[in-house]
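To start, the structure under review is shown below, and the notes come after it.
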Amino acid sequence: MKNLFWSLGLVFCSISFCNAQKVFVTEYENQAAVKVFAVDYENQADLLVYKVNYENQAGKNNGKWFFTKYENQAKKKLYFVRYQNQADLKIFFVEYENQAGWRNKSKQYLLY
């Protein structure tokens with residue numbers, strides 16, 4: 001099951017979907033600054049995330065993420081947890097750039 005979540009993290013990194021935060025998905029929970037859970041429905045999320053194509057589109061804490069290939073290139077290290085109650089931050093991946101943004105601004109500090 002652990003391999004499934006690691007594989008999902010790699011998929012998120014490899015799928016390229018425009019200012020963003022540079023993030024890296026860690027293999028182990030203790031390596032990450034923020035524990036994240038991807039919810040099934042938009043209304044369950046703290047943050048709506050749009051995956052951008054290029055690193056140079058990275059910038060602000062606005063839900064537009066660039067998944068880096070290497071840990072030292074990222075501003076934040078994330079770990080995708082198995083259960084929602086383990087997460088610091090719940091996210092939902094959106095299809096369009098203009099949908100990205102914070103739904104729960106009280107958690108915005110997690111990605112600064």
Side-chain angles (χ1 to χ4, degrees):
M1 196 64 166
K2 185 177 182 181
N3 288 336
L4 171 67
F5 286 100
W6 176 242
S7 297
L8 285 174
L10 289 177
V11 168
F12 292 144
C13 290
S14 63
I15 297 175
S16 297
F17 276 105
C18 260
N19 301 345
Q21 187 125 8
K22 293 191 287 185
V23 298
F24 177 78
V25 178
T26 64
E27 187 173 355
Y28 301 105
E29 183 176 348
N30 65 349
Q31 296 171 327
V34 182
K35 293 180 280 185
V36 177
F37 183 79
V39 295
D40 294 326
Y41 302 101
E42 183 176 335
N43 65 347
Q44 298 172 323
D46 299 316
L47 176 63
L48 304 178
V49 174
Y50 177 78
K51 294 176 272 183
V52 298
N53 291 317
Y54 303 104
E55 182 178 354
N56 66 352
Q57 295 169 328
K60 298 183 181 171
N61 186 0
N62 58 4
K64 298 171 189 170
W65 287 2
F66 176 76
F67 287 86
T68 64
K69 192 172 184 178
Y70 302 104
E71 184 176 353
N72 64 348
Q73 296 172 332
K75 296 288 184 186
K76 275 296 175 188
K77 292 184 266 181
L78 309 177
Y79 178 77
F80 282 87
V81 294
R82 186 175 298 180
Y83 302 107
Q84 188 171 343
N85 64 349
Q86 297 172 320
D88 300 320
L89 181 66
K90 294 179 278 182
I91 64 168
F92 180 80
F93 288 100
V94 294
E95 195 172 336
Y96 302 103
E97 178 185 355
N98 66 346
Q99 295 174 308
W102 287 95
R103 292 180 43 88
N104 182 355
K105 290 191 183 261
S106 69
K107 298 218 176 171
Q108 211 168 6
Y109 74 94
L110 291 169
L111 297 180
Y112 277 114

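Computation of the quantities below employed the complete heavy-atom set of this structure, encompassing side-chain atoms and omitting hydrogens, waters and symmetry-equivalent molecules. Residue numbers run from 1 in the order of the sequence given.
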* Mind listing the closest non-hydrogen atom pair of F67 and K51 along with its distance? => CE1-CG, 3.5 Å

* Structure fact -> Interatomic distance, CZ@R103 vs CD1@I91, rounded to 0.5 Å, equals 13.5 Å

* Structure fact -> The complete set of salt bridge (Lys or Arg N to Asp or Glu O under 4.0 Å) pairs with one or both residues in residues 68-79, sequence neighbours excluded, reads E71-K77

* State, to 0.1 Å, how close V25 and F80 come at their nearest heavy-atom pair, and which atoms those are. => CG2-CE1, 3.6 Å

* To do: Work out which heavy atom in Q99 is nearest to a heavy atom in L48; give both atom names and the distance.
  => O-CD1, 3.3 Å

* Asked: Is there side-chain contact between K22 and Q73, with at least one heavy-atom pair below 4.5 Å?
  -> no

* **Q84 CD to K90 NZ distance, which is reported to the nearest 0.5 Å** => 4.5 Å

* **Among N62, D46, N61, the one residue meeting side-chain hydrogen bond (donor to acceptor under 3.5 Å, both in side chains) with W102** => N61

What side-chain donor-acceptor pairs closer than 3.5 Å can you find for residues 105-112, not counting sequence neighbours?
residue : atom : partner : partner atom : Å
S106    : OG   : N104    : OD1          : 2.6
K107    : NZ   : D88     : O            : 3.2

* Parallel, tilted or perpendicular, as decided by the 30° and 60° cut-offs, for the rings of W65 and F93 -> perpendicular

* Structure fact -> Nearest heavy-atom approach of V23 to A74 is C-CB, 3.7 Å

* **Closest non-hydrogen atom pair, G63 against A100** => O-CB, 3.7 Å

* Structure fact -> To the nearest 0.5 Å, atom CZ of R82 lies from atom CG of N85 at 12.5 Å

* Structure fact -> Taken to the nearest 0.5 Å, the spacing of K64 NZ from N98 CG works out to 8.0 Å

* Is there a side-chain contact between K35 and Q86, using heavy atoms and a 4.5 Å cut-off? -> no

* Asked: Which heavy-atom pair separates L47 from G101 by the least distance, and what is that distance?
  -> CD1-O, 3.4 Å

